[in-house]
Amino acid sequence: MYDFTLKINSKEVVPGLIADLQVSSSMDALDSFSCRLKLRPADLNKALPCDIGKPWSVKIGSTTYEGDIVRIVYTTGMDPSITFVGLEKLHRLRGIPWAEVFKDAKHTVATTLAKKGGVTLSATALKGTASEMPVVTEDILGTIKQYAHEAGYAIFFDGKKIQFAPRETTAGSVTLKWNEEIYGVDMTCDISQVATKVQVYGRDYRKGTANVTFTAQEAQLKKLSGGDTGVKLRKSMNAMDMIFDYGVDVTTATAAEDLATGEIRRRAAQFVRGSLRCRGEPLAIPTAKITLTNAPWPLKGPFMIYAVTHSFDTHEGHRTNIDFYSDSLPSK
């Protein structure tokens, strides 16, 4: 009935014991897992499992999600059960001192931090060093998400490995048939948060070096859906440009380029946002592109997936919720 394989503490769970299961994967939050297992009356007369800190894994199609079990809930009464809750391995990074890797290149910081949490990370290089980005005084997990966000990057699982790469990195594609495989779509187009131009400039006043600047414009966008961008549409309104002064925090042209490009892309990604619910789709993962065939314009896509939740239960089987975005409208 179910097209997945669940393992808790490296042992495969018998499908008939699973009441419901949910796996969520996102560019912006830790991947998570929740599973409720049925208990039989005889099970309550013996010791129950307590696999806190043990590994979990769920294989859906060719994609395997995995991490650590961080919470267990025991429920007795009319419907006894055990609920396991887990997070991806990056949760282990909480509490590591930022100063240990502060001066490394930004992509090196990501791989170093991940290694400390027992995670192998494949990283696409970023220019400059982490010391040139605004410093956030939060726990290390929040910090790594923060500077990835500032640069227009994300940390995500591409179906094979964890990546630190631009949010527009594409990992596969999903095609769904309108009125056949899709239960419903909600989509919003909004240019209120889109910037037409972002200029970052600064100067290291301690060293007396010359000003460094970079201006990001529509040319820095990816046009994910192929049509008019929110930037182009906002320019038609004669909207004001955005200028950021980071002072001593930006000391090189490459750091200014990272910040300006990341800012305009992050704001452009607010233009088209949506979600849909469909039949179980194992190929749906963050950074995959999704296309809705035979859908009316502008709902057809393609759009970039940034979050996915796979749900399984005995009543509805496998279904998938997909959140997507784009910096542009689809081509007509």
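- Under a 3.5 Å cut-off, the side chain of E263 and the backbone N or O of A260 do not form any donor-acceptor pair.
- The main-chain N or O of A216 is never found under 3.5 Å from a side-chain atom of Q220 such that the two would form a donor-acceptor pair.
- Residues T229 and D327 have side chains that never bring a donor and an acceptor to within less than 3.5 angstrom of each other.
- Y74 and L17 are assigned to two separate hydrophobic clusters, defined by single-linkage of ILVMFWY side chains at heavy-atom distances under 4.5 Å.
- Using modelled atom types, no side-chain atom of Q199 and backbone atom of T215 make a donor-acceptor pair closer than 3.5 Å.
- Nearest heavy-atom pair, I18 versus L37, reported as atom, atom and distance to 0.1 Å: CG1-CD2, 3.8 Å.
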Can you give me every donor-acceptor pair (side chain of residues 183-191, partner residue at least two apart or in another chain, under 3.5 Å) with its distance?
{"from": "D190", "atom 1": "OD1", "to": "S192", "atom 2": "N", "distance (Å)": "2.8"}
{"from": "D190", "atom 1": "OD1", "to": "S192", "atom 2": "OG", "distance (Å)": "2.8"}
{"from": "D190", "atom 1": "OD2", "to": "S192", "atom 2": "OG", "distance (Å)": "3.2"}

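- Without hydrogens or angle criteria, K300 side chain to S331 main chain gives a donor-acceptor distance under 3.5 Å.
- V14 and L44 are not part of a single hydrophobic cluster, where members link through side-chain heavy atoms under 4.5 Å apart.
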- Can you check salt bridge (charged side-chain N to carboxylate O under 4.0 Å, His left out) on R36 and D79, steps first, answer last? CA-CA 11 Å; R36 184 168 62 92; D79 188 19; 3.5 Å; yes
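- Atom NZ of residue K289 and atom CE of residue M304 lie 5.5 Å apart, to the nearest 0.5 angstrom.
- Counting heavy atoms from C-beta outward, P80 and D43 have side chains that stay 4.5 Å or more apart.
- Here CZ of R319 is found 10.5 Å from OG1 of T309. Values are rounded to the nearest 0.5 Å.
- Annotation: cation-pi geometry satisfied between R273 and Y306 (NZ/CZ under 6.0 angstrom from ring centroid, within 45° of ring axis).
- Remark: side-chain polar atoms of D313 are paired, donor with acceptor, to backbone N or O of E316 under 3.5 angstrom.
- When side chains are defined from C-beta on, V308 counts as touching P286, because their heavy atoms get closer than 4.5 Å.
- Using a 4.5 Å heavy-atom cutoff, the side chains of I69 and L87 are not in contact.
- The shortest distance between side-chain heavy atoms of S24 and F33 does not fall below 4.5 Å.
- Inter-residue side-chain proximity for F312 and H310 is flagged as met; some heavy-atom pair is nearer than 4.5 Å.
- T63 places none of its side-chain heavy atoms less than 4.5 Å from the side chain of K59.
- Two residues are said to be in side-chain contact when any heavy atoms from C-beta on lie closer than 4.5 Å; S225 and L329 fail this criterion.
- No side-chain heavy atom of F84 sits less than 4.5 Å from a side-chain heavy atom of S34.
- Of the possible polar contacts, one joining the R267 side chain to the Q193 backbone as a donor-acceptor pair under 3.5 Å is found.
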